[in-house]
Every structure is written in C-alpha cells, then in structure tokens.
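For reference, the structure is listed below as structure tokens.
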Amino acid sequence: MRGDGIRARKALGQNFLTDRSVLSRIAALVSAGTGERVLEIGPGKGALTSYLAEQAGRLVAVELDDRLVPLLRGSFADNPRVTIIEGDILDLDIRETLARYGTPPWKVAANLPYNISTPVLFRLLDVRDLFTRLVLMLQKEVGDRLAAGPGGKEYGVLSVLFQLHFDVTRELLVRPGSFHPVPKVDSVVLSFVPLAQPRVDVGDEDYFRRVVKASFAMRRKTLWNCLKGGALGVPTDGIRDALARCGIDEGRRGETLSLQEFALLTKGLLAAGGTLPPRAP
Ligand code: SAM
C-alpha cells in the first residue's frame, strides 16, 4: 500500500514494519502450514498479512483503523482464505469470533500496538487454550519482562503469570529503523508456546495472581511489607506463619521468588484461610 497517502496514527500505535527480512523471519516463526488457522492482531497496511496469507489455511485479521480496513479488504479480495474484521481486539470476544472461522487450534501473529500490548497479552492469556503458538512483536522492555527469570529488575508480574502457562522464547531483536514511522525504542519478537498443564500447581489461580501482584506492588519493599496490608484475607500473624512454613524469608523481595515459591506461598496463604474479597456486584 505504498503511496496510499494514509498517515500513521500515533494513538493507534502505528509503526508499520517495512523490513522484509524481519517480516519473513516472523512468518517463519509462525510457520503456519496449509491447513492451519492464524489470527493476526493489527494488520495495519498488510505487510505481515501478505506473508501469512501465503502460508495459512485461514487467516483472520482484526484491525481497528477504519481507514485501513477497506485497503486491506481490497488487497486480499482475491484470497478467500483471508478475512479482515474491523474491530477493537480489546472489545472482541476472541473465542466466539474465531469459532465463526474454524475450529481450534489457532496461531497468533502480531506486531502489537505498544500502547495496548499489556491488556492484549492478558486477553490472550485468558483464551490460551485456543492456541498452539503466538509470535508477538513487543516493545523490548515489555518483551524482556515476559522472558525474565527471578532476581533481576525485569522480573515481575508479567514474567510470573506468563511463564506459568507458556514457554516464552526471545527470538529476535528489531531495531527502530525496521519500521515506518521510526519508533523511539527497540522491539523484540517473542514466541509463546502454551503448556498442556500449568508449570506448577498454584491451588487457585485468581488468588495466585493476587499474591503475585501484591508481592511486586512495592518493588523496593520486603515481601512482608508488601503482603501484610490485608488484601489477601489473611491476618498479619497468619502471613508471617505462612512465609515461615514455606521456608521463605520475610525479608526477601518479591523479585527474588521463583514461580515454584510463589505457588508454595499461595497454597500456604490459602491454607491459612486466605480469600479474595468478594467481587463488586
Ligand atoms: N501489522 C502491521 C505491521 O507490522 O506493519 C501494523 C502494526 S502497528 C504496530 C499496530 C496495528 O494495530 C495498527 O495497524 C493499528 O491500527 C492496529 N490497532 C491499534 N489498536 C488496535 C486495537 N485495539 N484492535 C485492533 N487493532 C488495533
């Protein structure tokens, strides 16, 4: 869509990928076979879409920008395997939408709009059973967090919640010059392969998420200071006992706990009577 006269909208995170070698490497990572189904989020001007359309048995692409949708539909009009949906990926019922175009499993490919990458990641996490593989381009800082192990400043809520359910691999660093307009930051391509079972048994996943979020809520404070506030439904003494029974020093910081330790702590707090506050009606 060269010379289409459409200016990139910053508010929609529009940095279009123009580097052919990066595009073909992403397509190779998706590696959709003839019979496979692929969801693309934010096809933009269709650069990655063209590569994916060559491979996939079914390609459903969701684009929010109503200026780009007619151009995309025009570009792929002669390919009945490609469907362009105009919509907001954050509003769409992904499960129900994909069910209209084929049975699972699906793959996901996206150069995500960076301003909404975290909420999109959480939506994909919630429907992970639909997918065999996700290949996502993210702002490097977010990608580093997703792939980080315990002990460093990148390790946080995203690392723990995603590594519980996916093998996360950092595949490719992409420099700003590969995009138009040129972004201010580096990007990375990550692949996510959903695990058949969570990596560890966490007892109750909603409660686990709460424990993890509370543990990272004040990064410079100790675990004890982060957890004692009452949000976990366990009295202060119970938290101290649970930490001791799990063999986790209350003076440690959340960023030092492994996934296994977070699971142990969650179960320890549940055993101490931990509950989530009732949801607002
Ligand atoms: N895939 C294209 C490429 O690589 O050149 C475009 C990537 S650009 C970083 C992100 C795309 O996502 C833009 O086309 C933008 O309009 C679209 N987008 C932004 N917010 C969206 C949303 N909530 N739902 C669906 N698409 C969205």
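We count ligands from 1, going down the list as the structure has it; atoms in each ligand are counted the same way. In what follows, every heavy atom counts, from backbone to side chain, and hydrogens, waters and symmetry copies are set aside.
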Atoms of ligand 1 under 4.0 Å from any heavy atom of Ile116, numbered from 1 in the order shown, are 20 (N), 21 (C), 22 (C), 23 (N)

The side chain to side chain contact (heavy atoms under 4.5 Å, CB included) partner of Ile41 among Ile94, Val108, Ile116, Leu136 is Val108

Residues 134-151 vs salt bridge (Lys or Arg N to Asp or Glu O under 4.0 Å), sequence neighbours excluded, gives Lys140-Asp144, Glu141-Arg145, Asp144-Arg170

Using a cut-off of 6.0 Å, state whether more than 12 heavy atoms not belonging to Arg252 lie near its atom CZ. yes

* For atom CZ of Arg219, is the number of surrounding heavy atoms from other residues, nucleotides or ligands below 6.0 Å larger than 12? -> yes

Checklist entry - Hey, is ligand 1 close enough to Asp88 that some N/O pair sits below 3.5 Å? => result yes

Exercise. For ligand 1, is there an N or O atom under 3.5 Å from any N or O atom of Leu68?
Worked result: no

Checking heavy atoms under 4.0 Å, the part of Ala110 that sits near ligand 1 is neither

- Task: Decide if the gap between the ring center of Phe216 and the ring center of Phe262 is smaller than 6.0 angstrom.
- Result: yes

Cluster membership besides Leu12, Ile/Leu/Val/Met/Phe/Trp/Tyr side chains within less than 4.5 angstrom, sorted by chain and number, is Leu64

Q: State, yes or no, whether a side-chain contact exists between Leu164 and Glu205 at a heavy-atom distance under 4.5 Å.
A: yes

Counting from 1 in the order shown, the ligand 1 atoms closer than 4.0 Å to a non-hydrogen atom of Glu40 are 1 (N)

among protein heavy atoms, the one nearest atom 14 (O) of ligand 1 is Glu63 OE1, 2.8 Å

Is the shortest heavy-atom distance from the side chain of Leu269 to the side chain of Phe208 under 4.5 Å? no

among protein heavy atoms, the one nearest atom 19 (C) of ligand 1 is Leu12 O, 3.2 Å

Heavy-atom proximity to atom 25 (C) of ligand 1 ranks first, among Ala109, Ala8, Gly87, for Gly87

In short, Ser215 meets Leu227 closest at the heavy-atom pair OG-CD2, 3.7 Å

Looking only at distances, please establish whether an N/O atom of ligand 1 is found under 3.5 Å from an N/O atom of Ile89.
-> yes

The closest protein heavy-atom partner of atom 5 (O) of ligand 1 is Leu17 N, 2.8 Å

TODO: With salt bridge (Lys or Arg N to Asp or Glu O under 4.0 Å) as the test, would you mind laying out the steps for Arg67 and Asp4 before giving the verdict?
DONE: CA-CA 10 Å; Arg67 302 168 308 162; Asp4 52 39; over 6 Å; no

Counting heavy atoms under 4.0 Å, the part of Arg9 that contacts ligand 1 is neither

Of Asp91, Asn111, Leu90, Leu64, the residue with the heavy atom nearest atom 3 (C) of ligand 1 is Asn111

Of Gly13, Ser187, Gly44, Pro113, the one whose closest heavy atom lies nearest atom 8 (S) of ligand 1 is Gly13

In ligand 1, the atoms that come under 4.0 Å of a heavy atom of Val62 are 25 (C), 26 (N)

- Give a yes-or-no answer on whether the side chains of Arg210 and Thr266 include a donor-acceptor pair shorter than 3.5 Å. no

min-distance protein heavy atom vs atom 2 (C) of ligand 1 -> Pro43 O, 3.3 Å

(Q) Looking only at distances, can you tell me whether any N or O atom of Lys45, backbone or side chain, sits closer than 3.5 Å to an N or O atom of ligand 1? (A) no

Nearest non-hydrogen protein atom to atom 6 (C) of ligand 1, with distance, is Gly42 O, 3.4 Å

